[in-house]
Amino acid sequence: MPATLLHSATAAATGSATGVPVRRPRPVPPGPLSAALYRPHQLPDVWQLAVSEHRAVIGDAHQVLDAAERRRHAELRIAAERDRYAAAHLGLRRLLGAYLAVDPAEVVLDREPCPLCAGPHGRPAVPGADLHFSLSHSGDLVLFAFGPTPVGVDVELLPEPEVADELADSLHPGETAELARLAAPADRLTAFGRCWCRKEAYLKGIGTGLGVDPALAYVGTGERPTGLPGWTLADLAVPPGYAAAVAYAAPRSARPPDGQGRSDAGPFDVPAGSEIRNLSTAYHPLLP
């Protein structure tokens with residue numbers, strides 16, 4: 001992996017991009033969408049689905065999902081996980097179909113190459129479609145984001161306070177210090193949740209996911225996220241007990257000329273030959 005793929009942590013803390021106020025996702029109605037959707041031209045569209053409100057239509061999934069999705073669904077042994085997967089992928093296909101003006105069952109889903117290893121597990125994509133998207137689910141909630149530039153979304157059920165305290169050491173040192181200054185466990189839990197979701201949304205957006213150590217990018221734990229060069233972060237209004245965020249890349253014309261805002265780049269240096277800690281294969285209560 002080229003050392004230039006990822007940029008300096010100092011730039012992350014001092015970049016001109018900033019976080020934006022909390023956004024409220026749009027609800028996904030159960031059943032087929034009644035009309036086509038206009039593609040987003042600037043800000044991403046963010047949608048929210050409650051699995052419990054879509055149980056009546058989950059049976060439609062096998063008529064819409066492709067063979068790989070049906071196989072993955074069958075591999076899930078817990079009924080709640082099967083329902084969540086079916087509702088999430090049925091909702092994704094119906095939304096993509098409405099944006100792309102095609103039958104949801106005809107949407108072809110693929111993966112871009114991973115920017116770290118070039119393997120087929122980078123950002124999800126529809127080949128040939130100029131529409132970026134991201135999906136996340138946890139508990140009863142599913143979030144979708146669609147945009148004209150690379151986008152990542154993340155939603156998490158908040159863990160127990162003691163679990164959040166243990167996981168705080170996996171964050172950027174500045175974020176860990178911010179959490180340590182909060183005396184009330186409830187305040188630390190809220191701050192940890194929004195920080196983690198901002199971070200994972202951004203890492204999904206650049207296509208690496210947790211293949212990159214989450215301690216390397218600083219997004220902040222405060223009420224408004226800290227911006228990253230070439231990217232905008234926003235917290236999302238979700239029901240109590242959850243945290244959520246969306247990250248999206250600036251249009252190419254608005255990105256810094258030195259390349260710090262490249263959609264495939266992050267704001268930290270990885271020297272050649274250095275180890276990248278991969279948390280995606282370790283036990284982690286926040287992973288979907």
Near Gln42 CD, under 6.0 Å, is it more than 12 heavy atoms from other residues, nucleotides or ligands? no
N/O donor-acceptor pair under 3.5 Å between His73 side chain and Arg82 backbone: yes
Quick one: CZ on Arg55 to CG on Asp83, what's the gap to the nearest 0.5 Å? 5.0 Å
Are Val126 and Phe133 packed together at the side-chain level, in the sense that at least one heavy-atom pair is separated by less than 4.5 angstrom? yes
Tell me whether the count of non-hydrogen atoms from other residues, nucleotides or ligands lying under 6.0 Å of CD in Glu81 goes above 12. yes
Counterpart residues, side-chain hydrogen bond (donor to acceptor under 3.5 Å, both in side chains), relative to Arg94 (two or more places apart): Asp60
Would you say Ile206 and Leu216 are hydrophobically clustered, going by side-chain heavy atoms of ILVMFWY under 4.5 Å? yes
I need the minimum non-hydrogen distance between Pro173 and Ala215, along with the two atoms involved. CD-O, 4.0 Å
Okay, side chain of Thr149, backbone of Ala250: is any donor-acceptor separation there less than 3.5 Å? no
Check whether Val51 and Leu143 end up in the same hydrophobic cluster, where Ile, Leu, Val, Met, Phe, Trp and Tyr are linked by side-chain heavy atoms less than 4.5 Å apart. no
Could you note down all residue pairs passing salt bridge (Lys or Arg N to Asp or Glu O under 4.0 Å) where residues 105-119 supplies at least one of them, sequence neighbours left out? Glu112-Arg123
Does either side chain, that of Tyr218 or that of Glu178, offer a donor lying less than 3.5 Å from an acceptor on the other one? yes
Side-chain donor or acceptor of Thr232 paired with backbone N/O of Tyr248 under 3.5 Å: no
Sorted by chain and residue number, the side-chain contact (heavy atoms from CB on, under 4.5 Å) partners of His121 (sequence neighbours excluded) come out as Cys114, Cys117
Heavy-atom side-chain proximity of Val153 to Leu236 below 4.5 angstrom: yes
Measuring from Phe192:CZ to Leu158:CG, what's the distance to the nearest 0.5 Å? 9.0 Å
About how many Å separate OG of Ser136 and NZ of Lys204, when rounded to the nearest 0.5 Å? 3.5 Å
Contact between Val155 and Cys197 at the side-chain level, heavy atoms closer than 4.5 Å - yes or no? no
Find out whether Phe146 and Leu37 are in side-chain contact, i.e. whether some heavy atom of one side chain is under 4.5 Å from a heavy atom of the other. no
What's the separation between atom CG in Leu109 and atom NE2 in His89, rounded to the nearest 0.5 Å? 8.0 Å
In the structure I gave you, are the side-chain heavy atoms of Leu189 and Pro185 within less than 4.5 Å of one another anywhere? no
Minimum heavy-atom separation for Ala87 and Leu49, please, with both atom names. O-CD1, 3.7 Å
Tell me whether Leu96 shares a hydrophobic cluster with Leu65, the cluster being built from Ile, Leu, Val, Met, Phe, Trp, Tyr side chains joined at under 4.5 Å. no
Would Val64 end up clustered with Leu135 when hydrophobic side chains under 4.5 Å apart are linked, directly or stepwise? no
Could you see if Trp47 belongs to whatever hydrophobic cluster contains Tyr85? Use Ile, Leu, Val, Met, Phe, Trp, Tyr and a side-chain cutoff under 4.5 Å. no
Ignoring hydrogens and geometry, is there a side-chain-to-backbone donor-acceptor pair from Thr221 to Glu175 under 3.5 Å? no
Salt bridge (Lys or Arg N to Asp or Glu O under 4.0 Å) partners of Arg93, counting only residues at least two apart: Asp66, Glu69
Please collect all salt bridge (Lys or Arg N to Asp or Glu O under 4.0 Å) contacts where either partner lies in residues 185-197, sequence neighbours excluded, each pair once. Asp165-Arg188
Nearest atoms (heavy-atom pairs only) where Leu33 meets Ala98: CD1-CB, 3.6 Å
Minimum side-chain heavy-atom gap Leu100-Arg39 below 4.5 Å: yes
Partners meeting side-chain contact (heavy atoms from CB on, under 4.5 Å) with Ala50 (sequence neighbours left out): Ser52, Glu53, Asp140
Taking all non-hydrogen atoms of both residues into account, name the closest pair between Ala237 and Pro25 and its distance. O-CD, 3.2 Å
Taking every non-hydrogen atom, the tightest pair across Lys199 and Ala217: NZ-O, 2.5 Å
Can you tell me how far CG of Leu141 sits from CD of Glu156, rounded to the nearest 0.5 angstrom? 11.0 Å
Min side-chain heavy-atom separation Ser170-Trp196 under 4.5 Å: yes
Do the non-hydrogen side-chain atoms of Leu90 and His54 ever get within less than 4.5 Å of each other? no
Whether Arg198 side chain and Asp235 backbone form a donor-acceptor pair below 3.5 Å: no
Closest non-hydrogen atoms of Thr176 and Ala168, given as atom of the first, atom of the second and distance, are OG1-O, 2.7 Å
Roughly how far, to the nearest 0.5 Å, is CZ of Arg71 from CG of Leu76? 12.5 Å
